[in-house]
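No hydrogens, no waters, no symmetry mates; every other heavy atom, side chains included, goes into these values.
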Number of protein chains: 4
Amino acid sequence: MAKIDTILQDLIIANRILAKEEVVDAYGHVSIRHPDNPKHFFLARSLAPDLVERDDIVEHGLDGQPVRDETRALYLERFIHAAIYEARPDVQAVVHAHAEDVLPFGIAQATPLRPVIHSGSFIGAHVPVWDIADKFGDTDLLVRNIDHGRDLARSLAGNNVALMRGHGFASAGRSLIEVVRISVYLPRNARALQRATQLGGEIKSLSKGEIAARAAGYSPYSSETWRAWQYWATKAGCAQLLTRPDEKHEHKH
Amino acid sequence: MAKIDTILQDLIIANRILAKEEVVDAYGHVSIRHPDNPKHFFLARSLAPDLVERDDIVEHGLDGQPVRDETRALYLERFIHAAIYEARPDVQAVVHAHAEDVLPFGIAQATPLRPVIHSGSFIGAHVPVWDIADKFGDTDLLVRNIDHGRDLARSLAGNNVALMRGHGFASAGRSLIEVVRISVYLPRNARALQRATQLGGEIKSLSKGEIAARAAGYSPYSSETWRAWQYWATKAGCAQLLTRPDEKHEHKH
Amino acid sequence: MAKIDTILQDLIIANRILAKEEVVDAYGHVSIRHPDNPKHFFLARSLAPDLVERDDIVEHGLDGQPVRDETRALYLERFIHAAIYEARPDVQAVVHAHAEDVLPFGIAQATPLRPVIHSGSFIGAHVPVWDIADKFGDTDLLVRNIDHGRDLARSLAGNNVALMRGHGFASAGRSLIEVVRISVYLPRNARALQRATQLGGEIKSLSKGEIAARAAGYSPYSSETWRAWQYWATKAGCAQLLTRPDEKHEHKH
Amino acid sequence: MAKIDTILQDLIIANRILAKEEVVDAYGHVSIRHPDNPKHFFLARSLAPDLVERDDIVEHGLDGQPVRDETRALYLERFIHAAIYEARPDVQAVVHAHAEDVLPFGIAQATPLRPVIHSGSFIGAHVPVWDIADKFGDTDLLVRNIDHGRDLARSLAGNNVALMRGHGFASAGRSLIEVVRISVYLPRNARALQRATQLGGEIKSLSKGEIAARAAGYSPYSSETWRAWQYWATKAGCAQLLTRPDEKHEHKH
């Protein structure tokens, strides 16, 4: 399978996983940077992620526009992806979504979202909250152009996740598998923190050292990481698209 | 497809979507105004929305009665629809439902329901709470006649949603797609507000300017709106009923 | 269909509905009084409700014992049913279950469970909390004999529902459809009250007059009641067992 | 069926049940001690529990290593199982999982997790919270070697469940059915306690006498216990793997 075909097939899997895990619904999207051309990235046309297939994927440039003639409607908020790829050469994949249980932390800012469970460590020690109104005043809250996108990317800075007030979040990863994993565990970590806060008393968050230890040990194609990707794809009904041979037939040597 | 057939098929889809998204269960209903006769509207006979088919839809007048001989049982609360269509010429579609997570805001009135997430903006800046007991004293809480319906419509006034204390809500839209969207995101917005309230501190609601900016940009048949309708219909298992060609085959020019 | 066959088939439907609606899981049970012999009732043998079929149903007497030779294991807590039928000649059907969202109200007794939504009205104005420890001290909390059952029935008195501290609830209805409806809406009413309490401020419960008005209007075989039964049976995958012709073919006169 | 085959088939069922009941997802695992060799135990290779089949199960020693040549990746945290079997000769089966609703009690330690519902009694009167940082400082929180495992086992001591701060829990049972049951009801008990705490006022936990009475009456192959196992296996789609004849054909004498 050609490298580009593998990547696009992985992107379809990522779309299906994010839908099945309720990170996205009709809205939200996931992209991957072009492996050979860092100034391009792949993102579906305007379509619910669960319905995305191969011919729905469109190659975009860092201005957020399609690099070839395109007559189909595109995601209004494709500038989230463009601006993050522009600002962050280390980032290979981006998710934007509205996962419900993350939203309260962008609305009630008394409780900063932070990792409290080990699987949430990849959101990073600091999760900034970006408010589009700070710079742009009253808008429809959508990241409709590259200026909006760049302002969001500035807020994200070197972090992995930025909350978007009253809207959702953007997450950035070093690989597609990593950004999906961050995005799936972000709501879970949010729920654990929400409920721990309700119980009262001191909250034991992950220490900076723990967050660093986990980040250091992370490899996107380790057994542990693949295990989740394989499981999620199976749950989402697209195990047949997996681009790596089943571990049942994979040996260590 | 004749215009009236398209509308009735859309109404069936709306019934299925509202059931799948758990806005309605055995109870709750959705109607659409007759496109050629504003004094009539279409609403199913007394049946769980998920089970509604073409021959279950009954044409009603603004008195809440069927316009033709009808021997089957009708929804007791059809007067909600009749009275709102009577009072609001701008309204083309109405939903009444008991979506669980909206209920607390009609019971505990210390926290007014208001938009806190962008997808919740369409509920509007003000969501009145109607209490049937204020005018009618002890009842079974059902909107059983046109007087009840008119009192609810007065409380709704020019807003998009009225909560009904201890019962549910009524929502009114400029199109069927809009009223379904309002009704699906209303519980989500309620949950986000509920959880943000639990986190404590200041709640950042959408500003009036943001709500207005979103309302101004709304178009019931935009790519973004259709994307959700198509996705929800697919989830609800009735994609084959969609009355608009798949965007895969739709070009902009 | 003979009357007894109809009743047993309805009882199977009730078992499936309660499982699908997550009122029961592997545990919990539903019974119906014998229509011709008020000293007998029908209840499954020890089996998860979702798996109950016709030949799993056992006829019991008011002592909680099977009226015919029975070699299969029976529900340990069949005495809940026996004692309620014994004490309450008006009761035709009984449910015992552990529905999760009802449990907090038996554990934290500061907030009495009461109807706050119209569909919850049938739990009645007063929901006593029975604590087996009050009379029997340290037990395994199970209603293992007729003495336990009678103590619970005394606590239930003339009400429709009794909570069982740290365990679940028992509900009693004038018909099978009614007791299923009470049991399905009990957790929903509990959740609405729980969340309303979190929002703070005054809670508007249903008034006694409203509860009475709803009880007065209730008929187990009305269109509205049947609508839910038909819908729930369809969801539970047993619409084919419905013992009443589809309303599509039912005319009022 | 040979004893060892029965045990391995039960272990597959346990994997599927824990996945279906959302105790585990891609992560988490369940093991059983070798019936003839208490120094060995059976645990899957590194694979999501829902996907585990017969040839994925690997025999491990009490050092946490496979007892035969093994080229496939193993669970990093297999030392949880090894250390508990080493320290606790009474334990026949172990689960490690991250069930979401248990997590808050390891993070916010003001509210000790304890049995508040009868089905939660098997977690035992005392549930210690183990914090890997107490002894090992900043780690990635994983139980990566036998020293980590032994420290956890010391914290577990003679109890049935230990919470792992910011990570999950480990549970230990006298049989596979028991440890699955503990693990399924642990999150339910946690939710009931969480919600009861929100309601405020005095919390009525199970008394020590009640916990003891329930433990005394427990038998892993009673009708009541089997009923749940059979139901869960059916829900998880693997009823055909059940190793005991259906009770429909089982007579008491």
Task: Atom pair OG/CG of C:Ser207 and B:Leu141 - distance to nearest 0.5 Å - done: 8.0 Å

Open item on the list: As an exercise, state the distance from CD of C:Gln198 to CD of B:Gln198, rounded to the nearest 0.5 Å.
Closed with: 4.0 Å

Task: Side chain, backbone, both or neither of B:Ile107 within contact of chain C (heavy atoms, under 4.5 Å) - done: both

Task: More than 12 heavy atoms from other groups under 6.0 Å of CD on C:Glu22 - done: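 Open.
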
TODO: Classify the angle between the aromatic ring planes of C:His118 and B:His167 as parallel (below 30°), tilted (30 to 60°) or perpendicular (above 60°).
DONE: tilted

Within the 4.5 Å heavy-atom criterion, are [X] and [Y] side-chain neighbours or not?
{"X": "B:Leu142", "Y": "C:Glu224", "value": "no"}
{"X": "B:Leu51", "Y": "C:Thr234", "value": "yes"}
{"X": "B:Glu100", "Y": "C:Ile117", "value": "no"}
{"X": "C:Arg195", "Y": "B:Asp101", "value": "yes"}
{"X": "C:Leu206", "Y": "B:Arg165", "value": "yes"}
{"X": "B:Asp131", "Y": "C:Lys204", "value": "yes"}

Task: Residue among C:Glu210, C:Arg188, C:Lys235, C:Arg191 with most heavy-atom pairs under 4.5 Å to chain B - done: C:Glu210

Looking only at heavy atoms, which two atoms of [X] and [Y] are closest? And how far apart?
{"X": "C:Ala192", "Y": "B:Pro104", "value": "O-CG, 4.1 Å"}
{"X": "B:Tyr27", "Y": "C:Ala228", "value": "OH-CB, 3.4 Å"}
{"X": "C:Arg227", "Y": "B:Ala26", "value": "CD-O, 3.0 Å"}
{"X": "B:Ala108", "Y": "C:Gly200", "value": "CB-O, 3.7 Å"}
{"X": "C:Tyr185", "Y": "B:Asp25", "value": "OH-OD2, 3.3 Å"}

- [ ] Counting only heavy atoms closer than 4.5 Å, note whether C:Ser205 contacts chain B via side chain, backbone, both or neither.
- [x]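 Just the backbone, heavy atoms under 4.5 Å.
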
TODO: Below 4.5 Å from any heavy atom of chain B, which atoms of C:Glu202 appear? Answer side chain, backbone, both or neither.
DONE: backbone

- [ ] Ignoring hydrogens and angles, tell me if any N or O in the side chain of C:Arg214 forms a donor-acceptor pair with the backbone of B:Asp140 under 3.5 Å.
- [x] yes

Open item on the list: Counting heavy-atom pairs closer than 4.5 Å to chain C, which one of B:Ala110, B:Gly166, B:Gly168 comes out on top?
Closed with: B:Gly166

